[in-house]
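For reference, the structure discussed in these notes is given below.
We count ligands from 1, going down the list as the structure has it; atoms in each ligand are counted the same way.
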Amino acid sequence: MQRSVVVAGGGISGLSACYHLVRDGGVSKVILLEGSGRLGGWMHSTRTDDGAVFEHGPRGMRPAGLVGKNTLCMISELGLEGDLLPVPRSHPAAKNRYLYVNKSLHKMPSSLGGVLRTIPPFSRPLFLCGLRDLTAPRGTKEDESVHDFFSRRFGKELADIVIDSLCRGVFAGDCRQLSLRSCFPFLYEAERNKRSVVLGMVSGGDKTPQPDSPLIQRSKKEKWSQWSLRGGMQTLSDALEEYIRGRGVEIHKDTPVEALERRAGNGWQIKLPGGSVAADHMISAVPAAVMSRLLTPIAEPMASTLREMSAANVAVVNLEYDGEVLPVSGFGHLIPSFEDSAMLGIVYDSLAFPEHNRRGASSTRLTVMLGGAWFENSLGDPNSVSKEKLLSLASAAAANQLGVKEKPCRAIVNLNQDCIPQYTLGHWKRIDDLFSYIRQHSLPLSLIGASYEGVSVNDCIYNAKKSVQRLVGH
Ligand SMILES: Cc1cc2nc3c(=O)[nH]c(=O)nc-3n(C[C@H](O)[C@H](O)[C@H](O)COP(=O)(O)OP(=O)(O)OC[C@H]3O[C@@H](n4cnc5c(N)ncnc54)[C@H](O)[C@@H]3O)c2cc1C
Ligand SMILES: C=Cc1c2[nH]c(c1C)Cc1[nH]c(c(CCC(=O)O)c1C)Cc1[nH]c(c(C)c1CCC(=O)O)Cc1[nH]c(c(C)c1C=C)C2
């Protein structure tokens, strides 16, 4: 049995690790060390006095697949079912996603008819891209960029427009730099095992045993495409905080881990501002860049691998307007990098989650996201760009791209520095090297968090659970 475990970092990954440590048993003491004054990390919702909710980080969760179902089990266990806000697949916010190309909005096809015809901004029917995939030879490289993979299998136009935008809308990243093998492992496997992505999809996805529960059954029956929570996604991190506090986890906020030392025998002496704490095992849920500093010089090969792992800055501008001002109905739109590299996309929050609108008079909430992998080149040094400039760019994007010319009645600007890890080419090898080093040197250390094996909240929760299970020997 592990006696004491320190979890460093109180984002959704660290909170989920604490949750499993106390729920599944096997340890005698759990200490959570969080560098900032609040738990939740990028999971951050502002709740205003008039009842509106603004998300500065994640805003929607997918219920499907192993990781999605796993989160739904956690929701039930935390007693949050009554707070769920599901969006069914038939809802416009699930069906309609747009691309802003050549200065106008184009709805992405969501039916067979849409892929059989030539629809702008494409120069030919999209089903032809699927035919190309069926006949293209299997790739032979250990890894390749997401753009190269899609150009090879589906054609350059699809890669330049759709895949470029998709990678901006999930990783805030450049598909020419991102690794196919790490960002879309199921596509990498589909090509390897079935020779074609289309055949891989048709022959069925994940064969791993899936969890089941009444809530999972409900999500299937009601055909949910995504969900959020009353009070925003932060309701989940708030509930986890309450749960772990109630079960004896020692929570220290404003307590950044400053340095690590190996203890004689085994375990760690963890240096904190004004003191230190001892632990038999440490679960690191801090970003890779932070961990690289902590492992210098005690595990230099790991530190140097971690230094190669980068993350993108994203400016998140929440805008609220009086009345219903949107010309279209849907989830939002993405902007490919060739159209405007600084502007990633706009989420139409009030359409997916009207429950998060203010009480009383009608309103529209939008979130404009800027920067990502293009931040420095298009917006400059993140430490000196002004909030006024970001607000003015975001308002101009809403005006020019959506025709929303009114002045927003409320705006919140956040510059999320290094918020989305970039799984660039060779990421899989870096992960392999890190985990091998830990094994070979029997380090009492687990690495979890968005930096490694999936950036979605569902991935973070699932990987934290797996890591705890490995630690306590379940
Ligand atoms: C704008 C944006 C939109 C997103 N949208 C979605 C979405 O719609 N759906 C989805 O599934 N995912 C989304 N994501 C991704 C997802 O929110 C994140 O990947 C996830 O929240 C990361 O959680 P984490 O706990 O691994 O890391 P973090 O949230 O980064 O937590 C790490 C914690 O470590 C703390 N820390 C740092 N240094 C130290 C130290 N030295 N000592 C102690 N603590 C330290 C930090 O303060 C932080 O609290 C989005 C992310 C962003 C930024
Ligand atoms: C414009 C920038 C961004 C938008 N959302 C994110 C960024 C960087 C971050 C993000 N969005 C999603 C995830 C989780 C991925 C997962 O595996 O679940 C993250 C980290 C969800 C998501 N958003 C879009 C897609 C295609 C996905 C994948 C899951 C799904 O299909 O639902 C598209 C999208 N994101 C943004 C907009 C404006 C947009 C499309 C219209 C904002």
**Prompt:** Would you say atom 42 (N) of ligand 1 has a protein heavy atom nearer than 4.0 Å?
**Reply:** yes
Looking at [atom], what's its closest protein heavy atom, distance included?
{"atom": "atom 35 (N) of ligand 2", "result": "Gly169 O, 3.0 Å"}
{"atom": "atom 13 (C) of ligand 2", "result": "Val170 CG1, 4.2 Å"}
{"atom": "atom 26 (C) of ligand 2", "result": "Arg97 NH1, 3.0 Å"}
{"atom": "atom 16 (C) of ligand 2", "result": "Arg62 NH2, 3.2 Å"}

Relative to the heavy atoms of [X], which atoms of ligand 2 are at a distance of less than 4.0 Å?
{"X": "Ile346", "answer": "38 (C)"}
{"X": "Leu166", "answer": "26 (C)"}
{"X": "Val347", "answer": "38 (C), 42 (C)"}
{"X": "Ser456", "answer": "14 (C), 15 (C), 16 (C), 17 (O), 18 (O)"}
{"X": "Ile420", "answer": "8 (C)"}
{"X": "Gly332", "answer": "41 (C)"}

**Aromatic ring pairing Phe184/Phe171, orientation class (parallel under 30°, perpendicular over 60°, tilted between)** = perpendicular
**Asked** Between Phe353 and His356, how do the two ring planes meet: parallel, tilted or perpendicular, split at 30° and 60°?
**Response** tilted
**Message:** We want to know whether Tyr19 and Glu77 form a side-chain donor-acceptor pair, criterion being a heavy-atom distance below 3.5 angstrom.
**Reply:** yes
**Prompt:** Does the ring of Trp268 carry Arg262 above it, NZ/CZ under 6.0 angstrom from centre and within 45° of its axis?
**Reply:** yes
**Asked** Is the closest N or O pair between Asn416 and ligand 1 shorter than 3.5 Å?
**Response** no
Using a 4.0 Å heavy-atom cut-off, say whether [X] meets ligand 1 through its side chain, its backbone, both or neither.
{"X": "Val457", "answer": "both"}
{"X": "Pro421", "answer": "neither"}
{"X": "Ile12", "answer": "both"}
{"X": "Glu258", "answer": "neither"}

**Prompt:** Out of Leu33, Val316, Asp459, who gets a non-hydrogen atom closest to atom 1 (C) of ligand 1?
**Reply:** Val316
**Asked** Where the closest heavy atom to atom 37 (C) of ligand 1 is concerned, which of Pro287, Gly68, Gly11, Gly57 has it?
**Response** Pro287
**Close approach of Met233 to ligand 1, heavy atoms, under 4.0 angstrom** = no
